[in-house]
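Below: the structure, in structure tokens.
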Protein chains: 2
Amino acid sequence: MRVSIKDVARAAGVSHSTVSRALTHSPLIPETTRRRVERAAKKLGYAPNAMARGLITRQSRAIGVIVTSIADPFVAEIVRGIEQLAGDNGYRVVLGTSHNDPEREVNAVKALREWRVDSVIVASSRVGALYQPLLKDIGAPIVLINNQNQQKGRVIHSVAVDDVRGGEVATQYLVSLGHRVIGHIRGPVGYAASKNRIAGYRRALNAAGIPYDRTLIQTGDGRAEGGAQILKLLDHDPIPTAIFCYNDITAIGALRELKRRGIRVPRDLSLVGFDNIPFALYVDPPLTTIAQPMFEMGKRALQMALTLMRDSRAQVADVVIQGELIARASTRVRG
Amino acid sequence: MRVSIKDVARAAGVSHSTVSRALTHSPLIPETTRRRVERAAKKLGYAPNAMARGLITRQSRAIGVIVTSIADPFVAEIVRGIEQLAGDNGYRVVLGTSHNDPEREVNAVKALREWRVDSVIVASSRVGALYQPLLKDIGAPIVLINNQNQQKGRVIHSVAVDDVRGGEVATQYLVSLGHRVIGHIRGPVGYAASKNRIAGYRRALNAAGIPYDRTLIQTGDGRAEGGAQILKLLDHDPIPTAIFCYNDITAIGALRELKRRGIRVPRDLSLVGFDNIPFALYVDPPLTTIAQPMFEMGKRALQMALTLMRDSRAQVADVVIQGELIARASTRVRG
DNA sequence: TTGTATGCGTTATCAG
DNA sequence: CTGATAACGCATACAA
């Protein structure tokens with residue numbers, strides 16, 4: 001930890017600038033001296049100091065990644081995508097988690113700023129008003145993933161799944177199975193995703209000539225508990241034969257509730273989720289869902305960041321990724 | 001990003017050293033000037049440069065965290081524990097993932113070294129021989145979580161769950177339910193956890209006066225596919241009435257296989273897992289398991305790191321944490 | 001092709 | 001209490 005470029009220089013019998021050039025593969029340095037320098041560096045166990053380097057190059061080669069919780073499998077998969085591509089390009093991921101605690105989140109942003117991260121990727125679902133200005137102050141390109149606040153700007157870019165189309169595809173699929181009375185458990189109010197998925201749901205109904213009935217929609221909370229709202233839909237007349245849920249967690253919660261009531265899925269009721277979380281495959285029955293390509297989204301976000309880091313004025317269009325229908329056993333033709 | 005301490009100094013009408021002192025709350029600086037400096041700093045939107053600071057303080061306030069995959073829910077929960085406590089103490093987590101690719105892992109370690117991370121926590125399951133020396137070269141305290149290679153040293157510390165006791169408790173529980181023929185699907189050969197859980201299994205059998213029968217043990221792979229080994233155990237004579245699985249994933253794989261064969265859990269067979277991954281609660285039936293306190297382990301590891309960062313010669317004992325039996329519906333009294 | 005000198009933005013060491 | 005000034009370890013403009 002204490003061997004510096006000067007020690008290598010001394011050992012190799014050259015000046016420290018020569019060492020610097022040799023180790024960064026400058027074309028100025030001939031093969032022979034480069035070799036000698038490298039040998040000396042290796043022998044001393046030299047590793048350049050990224051902080052010193054960053055101070056002068058004015059880049060940290062760090063990507064700040066802000067998430068609500070790394071323990072959310074959805075988020076984890078995004079981070080995996082980011083991390084992989086970042087690593088391949090010589091960048092490191094610095095984590096900042098918020099756990100929906102504004103204070104924590106603000107602290108994270110401040111720290112990333114002190115670190116002089118070269119870019120920030122936010123997979124936190126909501127970039128609060130309080131916090132967005134702070135973010136901009138970092139002075140590095142910002143990429144938001146599936147952000148639920150509509151606001152964008154010149155410095156803020158985004159990657160998101162096409163929620164409207166996703167909701168449409170899910171509903172279309174149910175229609176194609178012969179269902180005509182299709183309920184929906186929506187996500188939290190104020191989330192763009194909630195609104196957009198409903199929009200897709202309506203669009204599909206409309207295309208199928210099925211009148212829209214707002215009493216077929218109940219409001220969940222995006223968590224398993226919200227799935228209990230399905231009980232209200234069962235009181236609807238006529239009883240729906242299929243339900244499109246805001247997300248997989250909601251669907252899984254609904255599934256549990258149905259099981260308790262002795263209602264069989266998909267025999268009595270078809271169920272569709274959204275996200276394709278890893279668990280969706282393992283519940284009983286395995287859940288039909290719209291897969292969000294989370295790994296891919298992480299990668300695309302980092303790709304965007306790379307472009308912007310190379311040229312901060314680069315014109316990059318916001319990315320909208322299509323989800324994919326994964327048909328599994330929680331749905332079947334209307335009996 | 002371009003406003004430095006000198007700009008603040010100029011704006012506040014003091015020297016840059018005064019600014020530094022004021023902002024680090026040095027007792028030398030009187031309230032009044034500190035206020036003035038802080039106002040100037042705020043007005044200019046000044047944020048100290050962590051790289052410059054780290055260069056001179058000789059600490060980065062970064063914790064390197066090496067994991068196989070952040071997308072593993074088990075790992076993610078550990079990282080959450082690390083991150084939380086780290087953040088509370090002014091440290092940031094820098095991620096290094098390997099995905100079992102040695103090259104990636106070595107690269108990660110090298111990068112953490114260049115970053116001069118103040119400590120390294122490794123939640124990768126195996127610290128290969130190739131890679132351990134590299135790790136030591138980082139020259140910062142190292143804490144291994146659930147490491148499967150036994151090697152330790154003066155610089156390498158560890159936090160681990162008590163696998164022997166865990167295996168024992170799981171098996172004891174089955175015994176207490178009246179089971180006498182208890183099978184086991186073990187984990188991968190060469191993993192300390194596999195060996196230790198078996199040891200616990202044997203110890204419990206022994207205490208119950210049940211003779212150990214090695215043909216009641218099959219070797220899985222720690223993944224869902226390994227759960228299929230349960231079919232071999234069903235051929236055993238007498239047929240086991242309970243199976244203790246190496247981990248939850250294995251148990252879930254086994255469950256799937258049993259369902260396919262029309263064997264009912266827990267009516268025909270009781271099943272116990274290990275880990276208590278989030279999914280264990282949602283499979284059908286919910287899985288009885290030994291919970292590893294992953295969040296807690298992450299926190300303990302960071303705690304250890306903090307102690308060692310304060311005093312590198314501190315004597316810290318390796319931590320062994322007890323798992324907890326979570327009794328759910330996959331087990332019942334022998335019928 | 002190489003070496004010298006400078007500066008990146010801080011904190012720490014001295015004087016005052 | 002405050003201000004010069006020196007480091008920290010590196011990359012680079014400029015000289016040789």
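No hydrogens, no waters, no symmetry mates; every other heavy atom, side chains included, goes into these values. Every chain is numbered from 1, with letters handed out A, B, ... down the list of sequences. It should be emphasised that the depicted structure is a prediction, and the values quoted were computed from it without experimental measurement.
- Rounded to whole angstrom, the span from the CG atom of A/L55 across to the P atom of D/dC8 amounts to 14 Å.
- Using a 4.0 Å heavy-atom cutoff across all strands shown, A/S20 reaches at least one base atom of the nucleic acid.
- Where B/T33 and A/S4 meet DNA chain D, the nucleotide closest to each residue was compared, and B/T33 sits on the side nearer the 5' end.
- Regarding B/L23, its CG atom lies at a distance of 16 Å from the P atom of C/dG9, rounded to whole Å.
- Taking atom CZ of residue B/R10 and atom P of nucleotide D/dG3, one finds them 14 Å apart after rounding to whole Å.
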Shorter than 3.5 Å, N or O on both sides, protein versus nucleotides 4-7 of chain C: list them out with atom names.
{"unit_1": "C/dT4", "atom_1": "O4", "unit_2": "A/S17", "atom_2": "OG", "d": "3.1"}
{"unit_1": "C/dA5", "atom_1": "N6", "unit_2": "A/H16", "atom_2": "NE2", "d": "3.4"}

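- Rounding to whole angstrom units, CD1 of residue A/I5 and P of C/dT2 are separated by 15 Å.
- Note on the helix from C/dT1-D/dA16 to C/dG16-D/dC1: angle between the axes of the first and last five pairs equals 40°, rounded to 10 degrees.
- Atom CG of A/N49 and atom P of D/dA7 are 18 Å apart (whole Å).
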| message | If you apply the rule side-chain hydrogen bond (donor to acceptor under 3.5 Å, both in side chains), what do you find for B/N100 with B/E105, and how did you get there? | response | CA-CA 7 Å; B/N100 290 317; B/E105 191 142 2; over 6 Å; no
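- Of the residues listed (A/D163, A/D162, A/N146), the one engaging A/Q292 in a side chain to side chain donor-acceptor pair (under 3.5 Å) is A/N146, and it is the only one.
- Phosphate contact (OP1/OP2 of C/dT11, side-chain N/O of B/R58, threshold under 4.0 Å): absent.
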| said: Would B/I63 and B/L302 count as a side chain to side chain contact (heavy atoms under 4.5 Å, CB included) here? Give the steps. | reply: CA-CA 9 Å; B/I63 308 286; B/L302 190 83; 4.1 Å; yes
| message | As a quick check of understanding, evaluate side chain to side chain contact (heavy atoms under 4.5 Å, CB included) for A/M51 and B/R53, giving each step before the final call. | response | CA-CA 9 Å; A/M51 293 186 285; B/R53 174 180 288 168; over 6 Å; no
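- Residues B/L306 and B/Y91 meet the side-chain proximity criterion, which asks for heavy atoms closer than 4.5 Å.
- Between B/M51 atom CE and C/dG9 atom P the separation is 9 Å, expressed in whole Å.
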| query | Given A/V19 and A/V14, is the side chain to side chain contact (heavy atoms under 4.5 Å, CB included) satisfied, shown in steps? | reply | CA-CA 7 Å; A/V19 173; A/V14 293; 3.7 Å; yes
| said: Please determine whether side chain to side chain contact (heavy atoms under 4.5 Å, CB included) holds for the pair B/I78 and B/F295, giving the CA-CA distance in whole Å, both sets of side-chain angles, and the decisive distance to 0.1 Å. | reply: CA-CA 5 Å; B/I78 290 176; B/F295 181 73; over 6 Å; no
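- Atom CZ of B/R61 is separated from atom P of C/dT10 by 17 Å (rounded to the nearest Å).
- If you check the side chains of A/S20 and A/S17, you find no donor sitting under 3.5 Å from an acceptor.
- The side chain of A/T24 has D/dA11 as its nearest neighbour among D/dA11, C/dT10, D/dG3.
- In this structure, the nucleotide among C/dC8, D/dC8, D/dC10 sitting nearest to the side chain of A/A52 is D/dC10.
- A donor-acceptor contact shorter than 3.5 Å links the side chain of B/R116 to the backbone of B/R113.
- Here the C1' atom of nucleotide C/dC14 and the CG atom of B/L28 are 13 Å apart, to the nearest Å.
- OP1 and OP2 of C/dA12 both lie 4.0 Å or more from every side-chain N or O belonging to B/T57.
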